[in-house]
Amino acid sequence: MTKHDLVESLSKETGYSKKEVEAFLKVLTTTITNKVKNGEKVAITGFGTFDLGKRASRRGRNPQTGDYITIPEMNMPRFRAGKNLKEAVR
């Protein structure tokens, strides 16, 4: 399902226009992104939790030269499915 499909489906189910649904979806994703970026956890009860994880630095290899390099530590967004979502897909 693409963003366009999601907007269309939500519009049909809620009766709101596609522009209204798209604006809400944009605000929702922007808010989640900003909160996670600032290290906060966003929990949507029954659906899941968005948070920030750290990937440790590690040793990698340049495939062109074969030289070993150090890949620096980085932050990674993480999503953990909630109970209702897990049960729905079983």
Could you list the donor-acceptor pairs under 3.5 angstrom formed between side-chain atoms of residues 34-44 and any protein atom two or more places apart in sequence or on another chain?
unit_1: N34; atom_1: ND2; unit_2: T30; atom_2: O; d: 3.3
unit_1: N38; atom_1: ND2; unit_2: N34; atom_2: O; d: 3.1

Side-chain donor-acceptor pairs under 3.5 Å in residues 46-57, sequence neighbours left out?
unit_1: D51; atom_1: OD1; unit_2: R78; atom_2: NE; d: 3.2
unit_1: D51; atom_1: OD2; unit_2: R78; atom_2: NH2; d: 3.2
unit_1: K54; atom_1: NZ; unit_2: N75; atom_2: OD1; d: 3.0

Please tabulate, for side-chain N and O atoms in residues 21-29, each donor-acceptor pair with protein atoms closer than 3.5 Å (sequence neighbours left out).
unit_1: T29; atom_1: OG1; unit_2: L25; atom_2: O; d: 3.1
unit_1: T29; atom_1: OG1; unit_2: K26; atom_2: O; d: 3.1

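Residues that satisfy the salt bridge (charged side-chain N to carboxylate O under 4.0 Å, His left out) test with E8, not counting sequence neighbours, are K18. Residues passing the side-chain hydrogen bond (donor to acceptor under 3.5 Å, both in side chains) test with T2, sequence neighbours excluded: D5.
A distance of 4.0 Å separates CZ in R58 from CD1 in I71, rounded to the nearest 0.5 Å.
Annotation: ring-ring contact (aromatic ring centres under 6.0 Å, His included) contacts involving residues 59-78, sequence neighbours excluded, are absent.
In this structure, the side chain of E20 engages the main chain of S17 through a donor-acceptor pair within 3.5 Å.
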